[in-house]
There are 2 protein chains.
Amino acid sequence: MNKPHHHGDLREALIQAGIDILSEHGLAALTLRACAARAGVSHAAPAHHFKGLPGLTAAICARGYRIFSDLMIEERDKVAPDAFARLSAICKGYLRFAREHPALFRLVFGTKVDFCNDAELMQNSAIAYGILATGCAPFATDEPTGNRLEITIWSLVHGYASLMQNQRSDAFDDRDEALEFDAILGDLNLTLQRNYCSESSREPLIK
Amino acid sequence: MNKPHHHGDLREALIQAGIDILSEHGLAALTLRACAARAGVSHAAPAHHFKGLPGLTAAICARGYRIFSDLMIEERDKVAPDAFARLSAICKGYLRFAREHPALFRLVFGTKVDFCNDAELMQNSAIAYGILATGCAPFATDEPTGNRLEITIWSLVHGYASLMQNQRSDAFDDRDEALEFDAILGDLNLTLQRNYCSESSREPLIK
DNA sequence: GGCGTGATCTTTACACTGTCAAGCTAAAGA
DNA sequence: TCTTTAGCTTGACAGTGTAAAGATCACGCC
């Protein structure tokens, strides 16, 4: 056999195998052995890089959060420097994650992953939520309700994404989801705070 | 052995076993063999009543939806005959389901259950969502946006319940969730529709 | 180049899982 | 009473994750 004994970058290959398997075969197909086989190693090899299946799962989730963040950033960077447009775009990215990566979405948000033992997962999760929080910030007051607005929007987009993805009701049939969610966001009648109004007017000058 | 060969009501016992196992040991402990053992039968006995593990899972979900509906109805029936109070109470029941039955919540909303082959599951699901829809109805206009309001509230309460249950962010630490969600619902500034105003004033006369 | 060490993998074994099929038990109906 | 059918048990098997022993090999030192 001319296959080297040492893979070279097995940890990364296993994570990517997991992402691919989720994408092609769904959540039920994500097993340690499937990932190992796909990476071209024996079924017990992953044990060196991860603390069992839970460890691999956490690492795939951490990667999932990065993909999630990238989609939100991608959508946000497509729109004009307008606070509402930006928030709307970030939510669009959120919905894209659910739609384009259904199994990964379900893994990330539906499984009981042990956060405390994975620094990368905690970091990537915080980054992802931070993107949404910055999208909400222009509309948040300095009062205690400021945090409530963030919870509201987060609950809204997360709930919508979950229900949309489940497609468990006629209510979600045949819809342009991004368009509808935009309308829902509009229904909230979000009010820009005063300090953010002045920043908005300054931005064209910078560019 | 004085144990009868025929259990007598095995289907029901297996479903209840599943509910108990979820409650006591969490979602990962829900196996065919665990349910069979708990019901006092061999591991292959459930195959006569359910189409494998997916069939048992679907039946447990159907039961889960009933528990879900009961909680929403229970909370709704505690409050005054006021449209907003009723909607708020229904949402409180929704959040109670997530908090009091975390594993069941995750099973019902997080697993890919095959709906098309289980009439009871479809029916119970429709009943549950119907309760929420009736809570929204007094605030829905006859315009196409009427359905949007239902989606909005549904997304909101579902997202909030999911995130609260996951407890993945400091944003959800140390909170009275029912109180907060009430405030969030209040933030929406829902407007009663005209026909419902007249019904409200008629109700005391009926009683 | 040889040797030692540690990292990285393979192999083997085992227990748990769901499913299948044959066989057993017993309840219901003729 | 006999036959049929429902309802279960038993045994087998393949797939799963984990543990432990063993093999391979990369690297550094002499």
Side-chain angles (χ1 to χ4, degrees), chain A residues 1-22 24-61 103 106-107 110-114 117-118, chain B residues 1-22 24-61 103 106-107 110-114 117-118:
Chain A
M1 285 296 181
N2 60 357
K3 193 174 78 169
H5 179 79
H6 285 197
H7 183 281
D9 194 8
L10 184 56
R11 189 178 194 277
E12 172 59 31
L14 289 167
I15 293 169
Q16 190 57 50
I19 299 286
D20 294 340
I21 287 163
L22 284 170
E24 292 163 29
H25 304 292
L27 189 52
L30 185 71
T31 67
L32 244 183
R33 290 184 185 224
C35 294
R38 196 159 183 129
V41 294
S42 75
H43 74 276
H48 189 77
H49 300 272
F50 306 101
K51 203 165 179 185
L53 183 61
L56 175 60
T57 299
I60 292 168
C61 283
R106 213 157 61 248
L107 181 73
T111 57
K112 231 175 181 179
V113 187
D114 187 1
N117 289 326
D118 197 311
Chain B
M1 286 296 181
N2 60 357
K3 191 174 82 168
H5 179 79
H6 285 198
H7 183 280
D9 193 10
L10 184 56
R11 190 178 192 278
E12 173 59 31
L14 288 166
I15 293 168
Q16 190 57 50
I19 300 285
D20 294 340
I21 287 163
L22 284 170
E24 292 164 29
H25 305 291
L27 189 50
L30 185 70
T31 67
L32 246 182
R33 293 186 182 221
C35 293
R38 196 158 181 127
V41 295
S42 74
H43 73 275
H48 191 79
H49 300 272
F50 306 102
K51 201 164 181 185
L53 184 61
L56 175 60
T57 299
I60 292 168
C61 282
R106 215 157 60 250
L107 181 74
T111 56
K112 233 175 177 177
V113 186
D114 188 0
N117 289 327
D118 196 311

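Residue numbering restarts at 1 for every chain, and letters A, B, ... go by the order of the sequence lines.
Residue A/His48 places no side-chain atom within donor-acceptor reach of the base of C/dT8, judged by atom type and a 3.5 Å distance cut-off alone.
Between the OG1 atom of B/Thr31 and the CZ atom of B/Arg38 there is a distance of 11.5 Å, given to the nearest 0.5 Å. Taking CG of B/Leu14 as the start and CG of B/Asp9 as the end, the distance is 9.5 Å to the nearest 0.5 Å. Atom OG1 of B/Thr111 sits about 8.0 Å away from atom CZ of A/Arg106, to the nearest 0.5 Å.
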Please write out the pairs of protein N or O atoms and N or O atoms of nucleotides 17-19 of chain D separated by less than 3.5 Å, giving the distance to one decimal.
from   : atom 1 : to      : atom 2 : distance (Å)
D/dG17 : OP1    : A/Leu32 : N      : 2.7
D/dG17 : OP2    : A/Leu32 : N      : 3.2
D/dG17 : OP2    : A/Arg33 : N      : 3.1
D/dG17 : N7     : A/Arg33 : NE     : 3.0
D/dG17 : N7     : A/Arg33 : NH2    : 2.8
D/dG17 : O6     : A/Arg33 : NH2    : 2.4
D/dT18 : OP2    : A/Leu53 : N      : 2.9
D/dT18 : O4     : A/His43 : NE2    : 2.7

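An OP1 or OP2 oxygen of C/dC9 is reached within less than 4.0 angstrom by a side-chain nitrogen or oxygen of A/His49.
When all heavy atoms of B/Ala45 and B/Leu10 are compared, the closest pair comes out as CB-CD2, 4.1 Å. Between A/Gly18 and A/Ile60 the shortest heavy-atom distance is CA-CD1, 3.7 Å.
Straight-line distance from the CG atom of A/Leu14 to the P atom of C/dT8: 12 Å, rounded to whole Å. The NE2 atom of A/His7 sits 16 Å away from the C1' atom of D/dT24 (whole-angstrom rounding). Remark: C1' of D/dG7 and NE2 of B/His6 are 4 Å apart, rounded to the nearest angstrom.
B/His7 has its side chain within reach of B/Val41: a pair of non-hydrogen atoms, C-beta onward, lies under 4.5 Å apart.
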